[in-house]
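Step one of this worksheet: look at the structure below.
Worth saying up front: this structure is predicted, and the values here are computed from it rather than measured. In each ligand, atom 1 is the first atom listed, and ligand 1 is the first ligand listed.
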Amino acid sequence: MAFCRRWSPLLKNAAKLHIMRATSTSANPHQLRFVKDNLAKFPGCSGSFTNELFFTDSSTNETIPIYRIMYNTGEIVENVEDPQIPKEIVLKMYKDMVLLNIFDKLLYESQRQGRISFYMTNYGEEGMHVGSAAALSSDDLVYGQYRECGVLMWRGMSVAQLINQCFGNHEDEGKGKQMPVHYGNKNLNIATISSPLGTQLPQAAGSAYAFKMMENNQKCVICYFGEGAASEGDAHAAFNFASTLDCPVIFFCRNNGFAISTPSDEQYKGDGIAGRGPAYGINTIRVDGTDVFAVYNATKKAREFAIKNNRPVIIEAMSYRVGHHSTSDDSSAYREISEITKWTTEESPIQKLRLYLEAKGWWDQNAENSWTSETKKLVLDTMKDAEKKTKPAWKEMFYDVYYEMPSHIQDQMKEMEEHLKKYGEHYPLSSFKSE
Ligand SMILES: Cc1ncc(C[n+]2csc(CCOP(=O)(O)OP(=O)(O)O)c2C)c(N)n1
């Protein structure tokens, strides 16, 4: 009834309008209301009408092309300008990619030796980490999934900080609360990695929304995720939030072909992750993730666009997951090991950049030898130091979970304290930092 009371004057006016129009033309009273217009103006869609009955065929649409500017010979594609990135930056790109590769080998082995509990390698994805990170500003906020160690290295996380996290010693920023490779660094604007897939995507949209609300905002958010994580509902919600709420965020999909043992063709249909962008009203590019310069150019443009227009962008970077999913996986159970060779030789992002550098006369075998032995030594020495360091004080496990410790956690901490007073001799307390 309330509805009727509130709306009845409007309805009366609408009726009046109808009568006015209907009486204003003598030839055809409906002429003004019925126009042979081909343009639809529904609130939910303003397209054109058709009288052909057909379903849009998902398989005949053209796929979004893959942007690249470098051949696997290290040469820049004809008629494309050399990226003109200063020598010291390109050298840092290459050195970080090699460092990441060596870091992965040694950390992976350390898990096999029982020195750390878990590890995930980044083989084959070095180009997209370094290419994208180099195109950002250090103020931009990074949300990662877990396989983006090269981004953190570029940002300035030291080998010691990364290794202390993997060893969970008292110098780990997270105080041993997380599994290895769940890095985070507040000072470097890197949100801590969390294991449940996809959670970082809506969080990134939210952070970008907060940036947009800041006066004269000059920063954006970048959110990395795998094509497998893009199957989570969170990814779809994040794309829609970011698009409808105009958030300056770069959604960077690392499409390495696998979600553990599920190949990408079992993970989605249609034109991959990039194909979803236009459907959400998001500007999108697909890029060759093994071409560090293509990734750099795409991310740089995406950043400028996102900040200038307060809009999201999707980058789908194509690559191949060369390593096993993690130390808990054996990928020979679900793929031919022979298919990997191509990605470690002619399609290796490191190899391509090395060829580019050598052609410029900026790198040679001597430089390669000294950089690889220097980094090997750094990683091995740092691991030795890290395992000598005590674990965090046991009380740390109760802190920093909630901003203020709730009473039930306080009770648990007290209980633990009393328990250790009685039975402490049965625990290896000396390997934990004293309070
Ligand atoms: C919500 C959730 N479901 C499942 C898992 C188990 N899981 C961890 S990694 C992973 C595969 C993710 O693949 P992708 O996003 O493509 O990233 P990639 O590992 O290939 O880099 C799965 C299924 C999880 N961590 N969280």
Element-labelled atoms of ligand 1 that are located less than 4.0 Å from some non-hydrogen atom of [X]:
{"X": "R147", "value": "18 (P), 19 (O), 21 (O)"}
{"X": "A259", "value": "11 (C), 13 (O), 16 (O)"}
{"X": "G226", "value": "14 (P), 15 (O), 16 (O), 17 (O)"}
{"X": "I260", "value": "7 (N), 10 (C), 11 (C), 22 (C), 23 (C)"}
{"X": "P196", "value": "26 (N)"}

Hey, is M120 touching ligand 1 through its side chain, its backbone, both or neither, going by heavy atoms under 4.0 Å? neither
Report the part of S195 (side chain from C-beta onward, or backbone N, CA, C, O) that has a heavy atom under 4.0 Å from ligand 1; answer both or neither where that applies.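 The answer is the backbone.
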Nearest protein heavy-atom contact for [atom]: which residue, which atom, what distance?
{"atom": "atom 16 (O) of ligand 1", "answer": "G228 N, 2.9 Å"}
{"atom": "atom 2 (C) of ligand 1", "answer": "L197 N, 3.6 Å"}
{"atom": "atom 20 (O) of ligand 1", "answer": "F258 O, 2.7 Å"}
{"atom": "atom 15 (O) of ligand 1", "answer": "A229 N, 2.8 Å"}
{"atom": "atom 9 (S) of ligand 1", "answer": "Y146 OH, 3.1 Å"}

Can we say [X] and [Y] salt-bridge, meaning some charged N sits less than 4.0 Å from an Asp/Glu carboxylate O?
{"X": "K175", "Y": "D400", "value": "no"}
{"X": "R354", "Y": "E358", "value": "yes"}
{"X": "K342", "Y": "E347", "value": "no"}

What class does the angle between the rings of F252 and Y224 fall in, given that below 30° is parallel, 30 to 60° is tilted and above 60° is perpendicular?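 F252 and Y224: tilted rings.
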Fit a plane to each ring of F398 and W394, take the angle between them on a 0 to 90° scale, and name the class: parallel (under 30°), tilted (30 to 60°) or perpendicular (over 60°).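 It falls in the perpendicular class, over 60°.
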Rounded to the nearest 0.5 Å, how far does CG of L100 lie from CG of L162?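 The distance works out to 9.5 Å.
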Greater than 12 external heavy atoms within 6.0 Å of K376's NZ: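 Not buried by this count: 12 neighbours or fewer within 6.0 Å.
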Between R335 and F258, is NZ or CZ placed under 6.0 angstrom from the six-membered ring centre and within 45° of the ring axis? yes
Hey, does the Lys NZ or Arg CZ of K391 hover above the aromatic six-ring of F432, less than 6.0 Å from the centre and inside 45° of the axis? no
Check: N256 N/O within less than 3.5 Å of ligand 1 N/O: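 Yes, at least one N or O pair falls under 3.5 Å.
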Out of E227, Q145, E148, who gets a non-hydrogen atom closest to atom 17 (O) of ligand 1?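 Closest candidate by heavy-atom distance is Q145.
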Does at least one non-hydrogen atom of F225 fall below 4.0 angstrom from an atom of ligand 1? no
May I ask whether E232 has any heavy atom positioned less than 4.0 angstrom from an atom of ligand 1?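 Contact present.
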Please name the residue in the list T73, N72, T290 that meets the side chain to side chain donor-acceptor pair (under 3.5 Å) test with K352. T290
